[in-house]
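Side chains included, hydrogens not; waters and symmetry mates left out as well; all remaining heavy atoms used. Chain naming here is simple, since letters A, B, ... match the order of the sequence lines and numbering starts at 1 in each.
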Amino acid sequence: MCGRINLTAAPHVLAERFYLDVVPDLLPRYNIAPGQDLAAVVPNPGSAGRLLRAFRWGLVPPWSRDPAAGPKLINARSETVREKRAFGEAFARRRCLVPVNGFYEWQKRDGGSQPFLIRRRDRDVFALAGIWERWQYPGDRVLETCSILTTVANGVVRPLHHRMPVIIPQQDWRQWFSLDEAQQEAVMALLKPAPADLLLAHPVTRRVNSPAFDDPACLEPVADDRKGQLNLFG
DNA sequence: CCAGACGTTGTT
DNA sequence: GTCTGG
DNA sequence: CCAGACGTTGTT
DNA sequence: GTCTGG
């Protein structure tokens with residue numbers, strides 16, 4: 001699955017890579033947890049470019065009575081997202097890309113969960129497939145939330161976990177944003193595991209387990225007490 | 001028809 | 001809001 | 001996802 | 001054990 005991400009790319013890099021109409025004002029984040037705001041790229045209806053927006057991670061369907069209640073919909077299975085009532089409308093009309101420099105997966109071990117950072121071999125920023133929703137408070141205020149799509153793990157993630165986030169390569173971003181009914185088959189075809197040779201995984205400090213810990217040490221490889229049982233270093 | 005759910009993950 | 005179950 | 005709380009009353 | 005908060 002995908003329950004923790006980071007985004008460290010400089011604002012001007014994000015603006016250039018994602019064709020943003022405005023250079024965002026963003027601080028690097030090393031440990032973004034569900035319930036917090038993440039940055040998401042959406043088409044800008046007013047131009048050919050795109051916008052970066054803040055969505056709370058954990059989708060709240062528009063018919064939910066209380067956005068604080070209920071399970072946290074932080075992921076949506078790509079295999080079924082189209083047919084689920086909580087996700088169908090968002091998938092049909094409100095897709096986004098979640099820019100990340102990496103995501104974390106946990107391996108269950110005796111004595112606790114060991115976190116691993118998974119990122120591109122070249123450490124460049126990349127994009128996860130997301131959907132978002134809008135929940136109207138009794139007054140004027142609106143809560144905007146999102147969920148990250150998952151698929152089966154590829155060879156890099158499989159030793160850690162059997163699910164991973166869907167990654168949309170840059171050449172497919174336009175297709176991902178296409179809401180045209182005739183394009184839906186092509187959109188569904190994007191929901192597959194990334195090629196294993198795109199990514200590398202390494203263990204990181206268990207301090208990452210706490211969402212309160214959000215600094216560059218989150219990214220640093222640490223010695224693995226079970227190194228040799230895993231072949232994650234390519 | 002109305003009532004009630006609406007989700008993923010991991011584990012059993 | 002929309003679908004499923006009764 | 002993991003970490004941390006998990007409760008009421010009355011008083012300051 | 002289960003829920004909430006981050």
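- Residue A:Arg77 is in sugar-phosphate contact alone, with no base atom involved, counting any heavy-atom pair closer than 4.0 Å across all strands shown.
- If you check every strand for non-hydrogen atoms under 4.0 Å, A:Ala86 touches sugar and phosphate atoms only.
- Between A:Leu219 and A:Val204 there is no side-chain heavy-atom pair separated by less than 4.5 Å.
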### Summary
Secondary structure of DNA chain D per the Watson-Crick/G-U criterion (both distances under 3.5 Å; [ ] crossing, | other strand, . unpaired) is ||||||......
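- Picking from D:dA3, B:dT9, B:dG7 the nucleotide with the shortest atom distance to the side chain of A:Met1 gives B:dT9.
- Taking the P atom of each, B:dT11 and D:dC2 are spaced 10 Å apart, rounded to whole Å.
- A salt bridge is absent between A:Arg56 and A:Glu144; no separation between the charged side-chain nitrogens and carboxylate oxygens falls under 4.0 Å.
- Rounded to a whole Å, the CZ atom of A:Arg207 is 18 Å from the C1' atom of D:dC1.
- Separation of the P atoms belonging to D:dA5 and B:dG4 is 37 Å when rounded to the nearest angstrom.
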Going by atom type alone, with no hydrogens or angles, which donor-acceptor pairs under 3.5 Å involve a side-chain atom of residues 177-188 of chain A and a protein atom two or more places apart or on another chain?
unit_1: A:Asp180; atom_1: OD1; unit_2: A:Ala182; atom_2: N; d: 2.9
unit_1: A:Gln184; atom_1: OE1; unit_2: A:Arg95; atom_2: NH2; d: 2.7
unit_1: A:Gln184; atom_1: NE2; unit_2: A:Asp180; atom_2: O; d: 2.6

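- The aromatic ring of A:Trp63 sits over the base of B:dC6, with ring centres less than 5.5 Å apart and planes tilted by under 30°.
- Within 4.0 Å (heavy atoms only), A:Lys84 reaches sugar-phosphate atoms of the nucleic acid but no base atom.
- No donor-acceptor contact under 3.5 angstrom links the side chains of A:Tyr104 and A:Asn31, judged on distance only.
- If you check B:dT9, E:dG6, C:dT2 against the side chain of A:Arg85, the one that comes closest is C:dT2.
- Rounding to whole angstrom units, CG of residue A:Asn75 and C1' of B:dC6 are separated by 17 Å.
- Across all strands, A:Pro62 comes closer than 4.0 Å to no nucleic acid atom at all (heavy-atom distances).
- Salt-bridge annotation for A:Arg163 and A:Glu79: present, with a side-chain N of the basic residue lying under 4.0 Å from a carboxylate O of the acidic one.
- There is a side-chain donor-acceptor pair under 3.5 Å between A:Arg206 and A:Gln114.
- No hydrogens or angles considered: a donor-acceptor pair under 3.5 Å links the side chains of A:Asn44 and A:Asp21.
- Following rounding to the nearest Å, A:Ile32 (CD1) and E:dG5 (C1') show an atom-to-atom distance of 17 Å.
- Between A:Ser113 and D:dC2, a side-chain N or O to OP1/OP2 separation shorter than 4.0 Å is present.
- One interatomic measurement links the two molecules: CD1 of A:Ile118 to P of D:dC1, which rounds to 13 Å at whole-angstrom precision.
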Listing, residues 11-19 of chain A side-chain donor-acceptor contacts under 3.5 Å, not counting sequence neighbours, or none:
unit_1: A:Arg17; atom_1: NH1; unit_2: A:Asp124; atom_2: OD1; d: 3.0
unit_1: A:Arg17; atom_1: NH1; unit_2: A:Asp124; atom_2: OD2; d: 2.7

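- Here A:Arg56 does not reach the OP1 or OP2 of E:dG6: none of its side-chain N or O atoms lies under 4.0 Å away.
- Here D:dC2 presents its P atom at 12 Å from CG of A:Leu160, a figure rounded to the nearest Å.
- For A:Thr150, a side-chain nitrogen or oxygen approaches OP1 or OP2 of B:dT9 to under 4.0 Å.
- A:Thr80 comes within 4.0 angstrom of the backbone, heavy atoms only, and of no base.
- Atom CZ of A:Arg82 has 12 or fewer neighbouring heavy atoms from other residues, nucleotides or ligands inside a 6.0 Å radius.
- If you check every strand for non-hydrogen atoms under 4.0 Å, A:Phe87 touches sugar and phosphate atoms only.
- Among the protein residues, A:Ile74 comes within range of the nucleic acid bases, having at least one heavy atom under 4.0 Å from a base atom.
- Between the C1' atoms of B:dG7 and C:dT4, the separation comes to 16 Å (whole Å).
- In this structure, A:Trp106 places its CH2 atom 11 Å from C1' of D:dA3, rounding to the nearest Å.
- Taking atom C1' on both B:dC6 and E:dG5, the two are 23 Å apart, rounded to the nearest angstrom.
- The phosphate of D:dC1 has neither OP1 nor OP2 within less than 4.0 Å of any side-chain N or O from A:Lys108.
- Of the P atoms belonging to E:dG1 and B:dT12, the separation is 11 Å, rounded to the nearest Å.
- A:Phe103 has its CZ atom 14 Å from the P atom of D:dC1, to the nearest Å.
- Computed from coordinates, the A:Ile131 CD1 to B:dG7 C1' distance equals 11 Å when rounded to whole Å.
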